[in-house]
Amino acid sequence: MTDTAQGTRKQKKAKGSHVVPPETSVETVEKARRHPLAGVPLLKVFVPPEALAPVITGATDDAAPAERAKDIAPWDLPGGKLRTASGAAARGWYSPRIAGAPSTTKQAEILNTGIIGAPTGVEGVVNGTDNLSSTMISHDAPTAYNATPRKLTSPNVLVMGTVGSGKSSFVKTVMVIRPLLLANHRAVVFDKKDQGDEGEYSGVARQLGSEPLRFAPDNKGTRLNLLDPLIVEGSGLIGQMQLVNAVARIARDDKPATEWEENATQFALQRLFADKEGARAATMADLLPYLGHVPTDLGYSAEAKERYHQAGISVQLGLKNLLTAYGDVFDGETSKDVDLSHKLTVFDVSQLPSDGPAIPTIMSIGHQWLLGRLMRERGWITNVVYEEGWHMIAGPSARLVKANQKLSRSLGISNVFVMHKGTDIPAGSEGYTVVQEAQTVYAYRQDRPEDARWVTETFGLNPDAAETLMNLEPGHCVFKYGSNPATHMRHVRSEWETAVTNTDEGMAGGAGPSSL
């Protein structure tokens, strides 16, 4: 063969339909697969990336146009071969049971842990797990409020859900038991739910070495004094007057006090405390005769004096009716066993009628009494749990809570309101304002569409969350704190917590025993 013929063949080869450079030829690929290191377990020799170009695109030499891209599955490409033989697997090679499947970056977003990272940090107490990522959720409203920088502007908490959704078990565990493990933390509970002739928190209290304070109209229970000296120490004469007017309003079927009645109450309290100074603590029975007295140094006309007198008598009649029905609970000095020396104090009001004035009155007195006690014992964080919390935020007591919000925060109080649904709270009321100020919300199942919509609208949730709220399983809730996105959370309890916190309407079928 002449040099001319060889040159012609080289030119034809250069103009051929498919030229593979020597360094990326099939022989090179096969040689790489027979490399001495190819037998080393867990080590793979891959074909150089430039060898893939002709295979994927069908590209030719410069003289010929590129063909249309070919559809090639990932497992057809050169590279580390997937071994399915048991012998290869025994030597350390990857041996999948089933063939892999191609995917897209959109489908693979779930594999990005940065997108589904933990919704919270690790500060506070364990609440449960994120339903999406299964990561731990830790949160404690007072801890977040006291953080630097501050994560919340209000330490108050709202827990709501229908009967059997698991909210009571959650509150006992996360709002009572676990915070008590933290330094300088304690809890005060107003226990409304009856369970075997006593409140449902009685067992929790005894497990932690505390005896619940039982209130009952049988002269055998605990007594709370409306005029306890601790109340005056905590909120002063004005706070005492607000409490008396709130209790009178409760006793008069939510009839608000007029400016005449408020002034008459304040005057009666001033006269009573002046006369009782240095003596025993004044009681409600001591106050009644002073209501109706008229100041003599203000130059009132005869008509004004009569109106002032009638205003005092109106408040007096409301309080007298309350004493007549529940004198065993409110008539006399506060029982000696009422204190906060233990880390857990339970006010058991489960034996009092739900539709009467007794329960909201005890909650109102207890709230003001607690403020006075904490004025002398600063440095503690106190979770105050109001079971059936609508008593405190849907009626006259809401004004007390709202008025004391700033004082409560300065004394380290986190009010926890537990209720079934928010639609019980009148829009525009003081109670509605209190609810809106709560920046930690746990919303368990809502059975009615209007109740689910109330949650989404009040707390700025995605409208789609309404359907989620109506289909939550027991033990699951929608959790939101501050301006952070809402999270679908599953509450998790240890075996001991499950045994202590279960109730007849607890989390049956929900989160089972689990280590924390």
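Because the structure is predicted, anything quoted here is derived from the model rather than measured.
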Peer 1: Minimum heavy-atom separation for Ile238 and Gln266, please, with both atom names.
Peer 2: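 Closest pair (atom of Ile238, atom of Gln266, distance): CD1-NE2, 4.1 Å.
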Peer 1: Taking the side chain as every heavy atom from C-beta outward, state whether Glu306 and Tyr300 have any pair of such atoms under 4.5 Å apart.
Peer 2: no
Peer 1: Would you say the side-chain atoms of Glu123 and Thr143 include a donor-acceptor pair closer than 3.5 Å?
Peer 2: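 Their side chains do not contain a donor-acceptor pair, so the 3.5 Å distance test is not met.
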Peer 1: Using atom types as modelled and distance alone, determine if a side-chain donor or acceptor of Asp191 lies under 3.5 Å from a backbone N or O of Tyr201.
Peer 2: yes
Peer 1: Tell me whether Ser335 contacts the main-chain N or O of Arg223 through its side chain, where contact means a donor paired with an acceptor under 3.5 Å.
Peer 2: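 Looks like yes, one N/O pair under 3.5 Å.
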Peer 1: Look at the side chain of Thr334 and the backbone N and O of Asn225, then say whether any donor-acceptor pair between them is shorter than 3.5 Å.
Peer 2: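 Flag set: sc Thr334 to bb Asn225 pair under 3.5 Å.
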Peer 1: Mind running side chain to side chain contact (heavy atoms under 4.5 Å, CB included) on Val232 and Leu227 for me, showing each step along the way?
Peer 2: CA-CA 8 Å; Val232 181; Leu227 305 179; over 6 Å; no
Peer 1: Does the pair Ser364 and Leu243 meet the rule for a side chain to side chain contact (heavy atoms under 4.5 Å, CB included), with working shown?
Peer 2: CA-CA 7 Å; Ser364 299; Leu243 175 59; 3.9 Å; yes
Peer 1: What side-chain hydrogen bond (donor to acceptor under 3.5 Å, both in side chains) pairs are there with at least one residue in residues 316-333, not counting sequence neighbours?
Peer 2: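 side-chain hydrogen bond (donor to acceptor under 3.5 Å, both in side chains) check on residues 316-333 returns no pairs.
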Peer 1: Rounded to the nearest 0.5 Å, what separates atom CG in Leu291 from atom OG1 in Thr265?
Peer 2: 5.5 Å
Peer 1: Any chance you could measure Tyr481, atom OH, to Thr440, atom OG1, to the nearest 0.5 Å?
Peer 2: 9.0 Å
Peer 1: Between His139 (side chain) and Ala144 (backbone), is there a donor-acceptor pair under 3.5 Å?
Peer 2: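 Such a contact is absent between His139 side chain and Ala144 backbone.
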Peer 1: Atom CG in Leu226, atom CG in Asp286: separation rounded to 0.5 Å?
Peer 2: 11.5 Å
Peer 1: Under 4.5 Å between any side-chain heavy atoms of Asn383 and Pro142, yes or no?
Peer 2: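 With C-beta onward as the side chain, the pair touches.
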Peer 1: Report yes if the side chains of Arg445 and Met470 come closer than 4.5 Å at any heavy-atom pair, otherwise no.
Peer 2: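 A side-chain contact is absent here, since even the closest heavy-atom pair is not under 4.5 Å.
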Peer 1: Give a yes or no on whether the backbone of Pro426 and the side-chain of Ser429 come within a donor-acceptor separation of less than 3.5 Å.
Peer 2: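 Confirmed, Ser429 side chain pairs with Pro426 backbone.
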Peer 1: Is Ser202 close to Gln195 at the side-chain level, that is, under 4.5 Å between some pair of heavy atoms?
Peer 2: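 Gln195 vs Ser202: side chains apart.
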Peer 1: Is any side-chain heavy atom of Ile359 less than 4.5 Å from a side-chain heavy atom of Glu388?
Peer 2: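 Ile359 does not reach Glu388 side chain to side chain.
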Peer 1: Thr153 vs Gln439, test: side chain to side chain donor-acceptor pair (under 3.5 Å). Steps then yes/no.
Peer 2: CA-CA 7 Å; Thr153 58; Gln439 290 203 319; 2.9 Å; yes
Peer 1: Would you say the side chains of Arg252 and Ser314 form a donor-acceptor pair under 3.5 Å?
Peer 2: yes
Peer 1: Using 0.5 Å steps for rounding, measure from the CZ atom of Phe170 to the OG1 atom of Thr501.
Peer 2: 11.5 Å
Peer 1: Quick check: are there more than 12 heavy atoms from other residues, nucleotides or ligands sitting under 6.0 Å from CG of Asp253?
Peer 2: no
Peer 1: Return the minimal non-hydrogen interatomic distance between Ala118 and Thr135, and the atom names on each side.
Peer 2: CA-OG1, 3.3 Å
Peer 1: In the structure I gave you, are the side-chain heavy atoms of His488 and Leu132 within less than 4.5 Å of one another anywhere?
Peer 2: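 His488 does not reach Leu132 side chain to side chain.
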Peer 1: Is any NZ, NE, NH1 or NH2 atom of the basic residue among Lys421 and Glu450 found under 4.0 Å from an Asp or Glu carboxylate oxygen of the other?
Peer 2: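 Not counted as a salt bridge, because no side-chain N and carboxylate O are separated by less than 4.0 Å.
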Peer 1: Nearest 0.5 Å, what's the CH2-CG distance between Trp369 and Leu371?
Peer 2: 11.0 Å
Peer 1: For a quick test of reading the model, state the closest non-hydrogen atom pair linking Ala141 to Ser414 and the distance between them.
Peer 2: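 Closest approach of Ala141 to Ser414, heavy atoms only: CB-OG, 4.2 Å.
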Peer 1: Roughly how far apart are Leu374 CG and Leu370 CG, rounded to 0.5 Å?
Peer 2: 4.5 Å
Peer 1: Counting only N and O atoms by type, is there a donor-acceptor contact under 3.5 Å from the side chain of Asp337 to the main-chain atoms of Leu213?
Peer 2: no
Peer 1: Tell me, with the steps shown, if Val329 and Thr361 meet side chain to side chain contact (heavy atoms under 4.5 Å, CB included).
Peer 2: CA-CA 10 Å; Val329 180; Thr361 298; over 6 Å; no
Peer 1: Search all heavy atoms of Ala216 against all heavy atoms of Arg214 and return the closest pair with its distance.
Peer 2: CB-NH1, 3.5 Å
Peer 1: Looking at Tyr145, is Arg150 sitting on its ring face, NZ or CZ under 6.0 Å from the six-membered ring centre and within 45 degrees of the normal?
Peer 2: yes
Peer 1: Is there a donor-acceptor contact under 3.5 Å from the side chain of Asn127 to the main chain of Val125?
Peer 2: yes
Peer 1: When you measure from the side chain of Thr487 to the backbone N and O of Pro119, does any donor-acceptor pair fall under 3.5 Å?
Peer 2: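 Not a single qualifying donor-acceptor pair exists.
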Peer 1: Applying side chain to side chain contact (heavy atoms under 4.5 Å, CB included) to Asp140 and Ile381, what does each step give before you reach the verdict?
Peer 2: CA-CA 11 Å; Asp140 176 59; Ile381 298 296; 5.5 Å; no
Peer 1: Would you please test Tyr442 and His491 for ring-ring contact (aromatic ring centres under 6.0 Å, His included) and show each step?
Peer 2: CA-CA 11 Å; Tyr442 300 91; His491 175 43; 9.3 Å; no
Peer 1: Regarding Thr423 and Asp451, is there a side-chain donor-to-acceptor distance under 3.5 Å anywhere?
Peer 2: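 Yes, a side-chain donor-acceptor pair sits under 3.5 Å.
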Peer 1: If every non-hydrogen atom of Leu319 is compared with every non-hydrogen atom of Met284, which pair is closest and at what distance?
Peer 2: CD2-CE, 3.9 Å
Peer 1: Examine distances only and state if a side-chain atom of Gln351 and a backbone atom of Asp197 form a donor-acceptor pair shorter than 3.5 Å.
Peer 2: yes
Peer 1: Under a 4.5 Å cut-off applied to non-hydrogen side-chain atoms, are Met175 and Val418 in contact?
Peer 2: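 No - every pair of side-chain heavy atoms lies 4.5 Å or more apart.
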Peer 1: Check for a donor-acceptor pair, side chain of Arg178 on one end and backbone N or O of Val126 on the other, with a separation under 3.5 Å.
Peer 2: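 Yes; at least one donor-acceptor contact below 3.5 Å.
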Peer 1: Show me, pair by pair, the donor-acceptor contacts under 3.5 angstrom made by side chains of residues 453-464, not counting sequence neighbours?
Peer 2:
from	atom 1	to	atom 2	distance (Å)
Thr456	OG1	Arg453	O	2.8
Thr458	OG1	Trp454	O	2.7
Asn462	OD1	Asp464	N	2.9

Peer 1: List the atom of Gln270, the atom of Leu237, and the distance in Å for their closest heavy-atom pair.
Peer 2: CG-CD2, 3.3 Å
Peer 1: Does a side-chain heavy-atom distance below 4.5 Å link Ile231 with Ile365?
Peer 2: yes
Peer 1: Thr162: what forms a side chain to side chain donor-acceptor pair (under 3.5 Å) with it, not counting sequence neighbours?
Peer 2: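 Applying side chain to side chain donor-acceptor pair (under 3.5 Å) to Thr162 gives Asp447.
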